[in-house]
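To start, the structure itself, in C-alpha cells.
Computed from a predicted model, the values in this text were never measured in an experiment. Order of listing sets the numbers, starting from 1, for every ligand and every atom in it. Quick note: residue numbers are just sequence positions, from 1.
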Amino acid sequence: MRVLSGIQPTGNLHLGNYLGAIRNWVRMQDEMDSESQCFFFLADMHSITVHEGREQRIRNVRDMAAALVAAGIDPDRSVLFNQARVPAHAELCWLLNGTARIGWLNRMTQFKDKVGKDREGASIGLFVYPVLQAADILLYNATHVPVGEDQKQHLELARDIATKFNTDFGVDLFTMPAPIIPKESARIMSLRDGTAKMSKSDPSDMSRINLTDDDDAIMQKVKKAKTDPEPLPETAEGLAGRAEASNLVGIFATLSGATPDAICADFAGKGFGAFKPALGELLVETLRPIRERFLQLRTDDAALDAILDKGAAKAASAAEPTLRAAYDAMGLMR
Ligand code: TYM
C-alpha cells in the first residue's frame, strides 16, 4: 500500500481540509504496516496558480508543514515534503503533457468553477493543474489517495492519463490510484451557505473554521452559522432539503464518531439554540490541542525546513525509478 496526498499551502488549514482529508491521512499513517509507505506533501508548485509574494509564499509552506505535523503527521513515519524541493514532479508533469488531452482538461469542473467567465484570462498553469496532480500521484505509484470529494475528478483524470501512457508506450509503468473519500465529511460546506463548499478562497472568514481560530472565534462562528427555524428531526432522513442543518449534523457526527441518525435522535425536537453550543464545544475540544501545537511549531523555521529537507530527499529517491522509466519508455535519453 502506497498512500499519497497533497494540500495547497495557501491560507490556513480549515475544518473542510481537516475532516475531508487530513484526519484520514493521520489515520492511514497510524494504521500503516511495515510494507506500506505514506507520502504527504505541500503542493506549492500548484499554488503558483494563485499570485502570491515571495515572503508570504515561504511563510505559507512552513505554516502548512507546521499545521500537518500539529494535526498528527509524523515526519519520521511519513514522508513529508514540499513539491518544489522534488523537481521530479515538474519533470513528470511535462512528460504527461504529451499524453493528457485538451478535451479531458476541458471537462474539469474545478477549472470551470475557478475561472468563471474569464477563461481567456486564466493562467495556463490553472488549466494543466490536474496534469501536475497526476504526476504527483503516478510518480510514487500511489495506490490510495485520501482526499475530499472535490478531488475525485482529478483522480479519475490521473487514472486516464496512466492508462493512456501505459497503452501508448506498451509499458506497465503506472499504478492505478484509488481515491479514499470519507463517508460523512467528504464535503464540508460553508457555514454561511450550505450549498457552497467550505473553502480558503471564500472572502468571508465567517464561512469557515480555521485551525488558527481561538476558542471564542470558533464558538462565535458556530453560533452565527446559518440554519433554518425548524427543530432537529428524529432521523437523518428528515434533514433532506436542509443543506445548512445537514452540514452541521454531519460535522457533529464526524467529530463525535456517532452516526447522523444518532445525533438527530439525541437532539430530536430541539432547535439550533441547543444544538450549536454542543457542536461548538466539540469543535473547540478537537481543535484546541492542534492549534496549540501548531502555534508552537511555527516559531521554529529551522526545524520545519529540516523536516521538509529530509522528506524531500526521501521523496526524490522514491520518485527516481518511475521518472527514469517514464523517460526511457518515451525514448528520451537522459
Ligand atoms: P486543497 O489544498 O484544495 O485541499 C486539501 C484537501 O482538503 C480537501 N478539502 C475538503 N474536504 C471536504 N470538505 C471541504 N470543504 C474541503 N475543502 C478541501 C480536498 O479534497 C483535499 O483532499 N489539488 C489538491 C492538492 C493536490 C493533491 C495532489 C491531492 C495536489 N496534488 C495529489 C491529492 C493527490 C488541492 O488543491 O487540495
May I have the list of side-chain donor-acceptor pairs in residues 88-100 shorter than 3.5 Å, sequence neighbours left out?
from  : atom 1 : to     : atom 2 : distance (Å)
His89 : ND1    : Asp136 : OD1    : 2.8
His89 : NE2    : Tyr140 : OH     : 2.9
Glu91 : OE1    : Tyr327 : OH     : 2.5

Lys314 atom NZ, over 12 foreign heavy atoms within 6.0 Å: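 For Lys314, atom NZ is crowded (more than 12 foreign heavy atoms under 6.0 Å).
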
Minimum-distance protein heavy atom relative to atom 37 (O) of ligand 1: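 For this ligand atom, the closest protein heavy atom is Gln151 NE2, 3.8 Å.
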
Less than 3.5 Å between some nitrogen or oxygen of [X] and one of ligand 1, yes or no?
{"X": "Tyr129", "answer": "yes"}
{"X": "Gly148", "answer": "yes"}
{"X": "Val147", "answer": "no"}
{"X": "Leu4", "answer": "no"}

Sole residue of Lys114, His46, Gln8, His154 in side chain to side chain donor-acceptor pair (under 3.5 Å) with Tyr129: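 Exactly one candidate clears the test, Gln8.
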
Side chain, backbone, both or neither: [X] near ligand 1, heavy atoms under 4.0 Å:
{"X": "Asp136", "value": "side chain"}
{"X": "Val145", "value": "side chain"}
{"X": "Arg187", "value": "backbone"}

Connected hydrophobic set around Leu132, excluding itself, where side chains approach under 4.5 Å: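 Leu132 shares its hydrophobic cluster with Met45.
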
Check: Asp193/Thr195 side-chain N/O donor and acceptor closer than 3.5 Å: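 Yes, because at least one side-chain N or O of Asp193 sits under 3.5 Å from a partner of the opposite role on Thr195.
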
Straight-line distance of Asp328 CG to Leu332 CG, nearest 0.5 Å: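 Interatomic distance, Asp328 CG to Leu332 CG, rounded to 0.5 Å: 9.5 Å.
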
Ser185: numbered ligand 1 atoms lying under 4.0 Å from its heavy atoms: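 Contacts of ligand 1 toward Ser185, numbered from 1: 12 (C).
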
